[in-house]
Amino acid sequence: MTAKPFSFRLIATDGAARRGEIETPHGLVRTPAFMPVGTQATVKAMYPDQVRALGSDVVLGNTYHLMLRPTAERVARLGGLHRFMNWPHTILTDSGGFQVMSLAQLRKLDETGVRFQSHIDGQKYHLTPERSIEIQGLLGSDIQMQLDECIGLPAPREEAQRAMELSLRWAERSRAQFEAMGGPAKGQGLYGIVQGGDVAELRIASARALADMPFEGYSVGGLAVGEPQDVMLKMLEITTPAMPVDKPRYLMGVGTPEDILESVTRGIDQFDCVMPTRAGRHGLAYTRYGKVNLKNARHADDPRPLDETSDCPAARDYSRAYLHHLVKAGEGLAAMLLTWNNLAYYQHLMQGMRDAIEAGTFQDFRAAVKADWV
Ligand SMILES: CNc1nc2cc3c(=O)[nH]c(N)nc3c(CCc3ccccc3)c2[nH]1
C-alpha cells in the first residue's frame with residue numbers, strides 16, 4: 001500500500017520568515033521547528049513523553065552512531081527506530097558523513113564514499129551514499145539526508161569546490177538508492193544538502209543543481225562549523241533565495257537562540273542543535289533573561305527559580321540555590337532538570353516565532369525576545 005506522500009505547505013510568511021507544516025508518515029511537523037538531537041536513540045536525560053510534551057514534533061537520530069551500535073539491521077529486526085525508542089512521531093536522521101569526519105578514526109574519503117574505523121571497537125566500515133540510505137531506510141527514518149562531505153571553515157576555494165561537486169554526485173546516488181528502496185511511496189522524504197563553504201558562487205551553484213533534482217526538502221550544510229555568526233548569516237542571505245520556495249529548508253547544526261531567530265528571519269524552517277541538551281548536562285540554563293551558569297557560586301543562596309513565569313516545572317519549582325547544589329554535587333537530577341528547562345525554553349521560543357509569523361509581528365517578537373536578554 002502507498003502511504004500519503006510527504007508534503008510541505010506554507011501557511012504564512014512575514015518578510016523572509018516562513019510559517020509552514022510538513023506531513024510525514026508519523027505526523028505533522030510545525031515549522032519553524034527545533035528538532036532535539038537523539039543521537040543514540042535517546043534525547044539524553046529526557047523521557048520521550050517529556051520531549052513530546054514540550055512541543056517537539058521531530059527528534060533526530062544518527063546513522064553513524066546507530067550503524068556501529070546496535071546496528072541498523074538489529075533496529076530493523078526490532079521493528080524500526082520509532083518502536084525501538086518508543087517515539088511514535090517524526091524522526092529525522094543524518095547520513096553519517098559529518099559524524100564520521102568528526103568522530104571516527106583513520107578516515108579515508110574518496111569518490112566511492114568514506115572508509116573509517118569505529119571509535120568504539122576499531123572495526124572497519126565503508127559508508128557509501130547507497131549504504132547510508134539503506135541504513136536510514138532500515139531505521140525507518142521519515143526524513144533522510146543524502147551522504148555529503150562537510151568541510152571545515154575557513155577553507156581554500158578549491159577545497160570547497162571539490163567537496164561541493166562530490167556532494168552533488170553523492171546527491172544523485174543517494175536519490176537513486178532512496179527511490180530504489182521505495183522511499184517516496186512510503187511517504188518518506190530525502191533532503192539534498194547544499195554545500196559550498198563560504199564562497200557565494202559555489203553556494204548558489206550547489207543550491208541550483210540540487211533544486212533541479214527531485215528532493216522533498218533541502219538542507220543548508222557546511223555551516224555551524226566554527227565560522228563567525230556574520231559569515232553564517234551572509235551565507236544564508238545568499239543561499240536561501242536560490243532554494244525552492246515550496247520545500248522545507250533545514251539549517252544543520254544551528255544553533256543558539258539568537259542564531260535561530262536570525263536564521264528564521266532569513267528563511268530557514270528546521271533547526272537542530274546539541275546546545276540545549278549538552279549545555280543542560282554541563283550546568284548551563286537557558287532562560288528568557290539569558291544564560292545562567294549554575295556552576296557559579298553566586299547562585300549558592302539564591303532562592304529564586306530560573307523563571308517564575310514559565311509553565312515548565314524545572315524552570316518554576318526549583319531554586320537556583322538547589323540547582324547549584326545539584327550541579328556541584330554531580331547529581332543526575334541536575335542534568336535532568338536543566339535539560340528539561342533548556343528544551344522547554346527552546347520550544348517555547350519556536351512556538352512564539354510560529355505565532356508571530358502568522359500574526360505578521362515577527363520583527364516585534366524578535367526585538368522583544370532580544371530585549372529581555374540581559
Ligand atoms: C553542529 N554543527 C553542524 N554543522 C553541520 C553540518 C552538516 C553537514 O554539512 N552535513 C551533514 N550531513 N550533517 C551536518 C551536521 C550534523 C547535523 C545532525 C546531527 C545529529 C543528527 C542529525 C543531524 C552539522 N552539525
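Atoms within a ligand are numbered from 1 in the order they appear, just like the ligands themselves.
- The closest approach between Gln99 and ligand 1 falls below 4.0 Å for a heavy atom of the residue.
- At least one heavy atom of Gln195 lies less than 4.0 angstrom from ligand 1.
- Although no hydrogens or angles enter the test, the distance criterion places no donor-acceptor pair under 3.5 Å between the side chain of Gln195 and the main chain of Arg203.
- With hydrogens left out, the protein atom closest to atom 4 (N) of ligand 1 is Leu223 O, 2.8 Å, a heavy atom.
- Here atom 3 (C) of ligand 1 lies nearest to Gly253 when heavy atoms of Cys273, Gly253, Ser219 are compared.
- The Ile193 neighbourhood of ligand 1 comprises atoms 12 (N), with distances under 4.0 Å to a heavy atom of that residue.
- Between Arg52 and Asp57 there is a salt bridge, with a side-chain nitrogen of the basic residue lying less than 4.0 Å from a carboxylate oxygen of the acidic one.
- Counting heavy atoms from C-beta on, the side chains of Trp340 and Gln50 come closer than 4.5 Å.
- Within ligand 1, the atoms closer than 4.0 Å to a non-hydrogen atom of Ser95 are 12 (N), numbered from 1 in the order shown.
- A salt bridge is absent between Glu149 and Arg169; no separation between the charged side-chain nitrogens and carboxylate oxygens falls under 4.0 Å.
- Proximity of Ile193 to Ser167: side-chain heavy atoms (C-beta onward) are nowhere separated by under 4.5 Å.
- With respect to atom 12 (N) of ligand 1, the closest heavy atom belonging to the protein is Asp94 OD1, 2.8 Å.
- Looking at Glu262 and Lys370, a side-chain N of the basic residue comes within less than 4.0 Å of a carboxylate O on the acidic one, giving a salt bridge.
- Among protein heavy atoms, the minimum distance from atom 8 (C) of ligand 1 is reached at Asp148 OD2, 3.5 Å.
- Contact atoms of ligand 1 toward Asn62: 20 (C), 21 (C) (distance under 4.0 Å to a heavy atom of the residue).
- For atom 9 (O) of ligand 1, the closest non-hydrogen atom on the protein side is Gly222 N, 2.7 Å.
- A salt bridge does not link Arg30 with Glu21: every distance from a Lys NZ or Arg NE/NH1/NH2 to an Asp or Glu carboxylate oxygen is 4.0 Å or more.
- Ligand 1 has no nitrogen or oxygen under 3.5 angstrom from a nitrogen or oxygen of Thr39.
- A salt bridge is defined here as a Lys NZ or Arg NE, NH1 or NH2 lying under 4.0 Å from an Asp or Glu carboxylate O, and Glu308 with Arg304 fails to meet this definition.
- Taking the charged nitrogens against the carboxylate oxygens, Glu159 and Arg162 do have a contact shorter than 4.0 Å, which makes a salt bridge.
- Around the NZ atom of Lys328, the shell of radius 6.0 Å holds no more than 12 heavy atoms that belong to other residues, nucleotides or ligands.
- Contacts with ligand 1 closer than 4.0 Å are made by no heavy atom of Val274, backbone or side chain.
- Those atoms of ligand 1 with a heavy atom of Gly61 less than 4.0 angstrom away are 21 (C), 22 (C).
- Judged by distance alone, with hydrogens and angles left aside, the side-chain atoms of Thr277 form a donor-acceptor pair with the main-chain N or O of Val274 at under 3.5 Å.
- Contact atoms of ligand 1 toward Gly221: 8 (C), 9 (O) (distance under 4.0 Å to a heavy atom of the residue).
- Selection from Val225, Thr93, Asp272, Val194 by nearest heavy atom to atom 17 (C) of ligand 1 gives Asp272.
- Among all protein heavy atoms, the one lying closest to atom 2 (N) of ligand 1 is Ala224 O, 2.9 Å.
- The protein non-hydrogen atom at the shortest distance from atom 7 (C) of ligand 1 is Phe98 CD1, 3.6 Å.
- The pair Arg173-Glu130 meets the salt-bridge criterion, since a charged nitrogen lies less than 4.0 angstrom from a carboxylate oxygen.
- Taking a 4.0 Å cut-off on heavy atoms, Tyr64 fails to register as neighbouring ligand 1.
- If you look at Tyr250 next to ligand 1, the close heavy atoms, those under 4.0 Å, all belong to the side chain.
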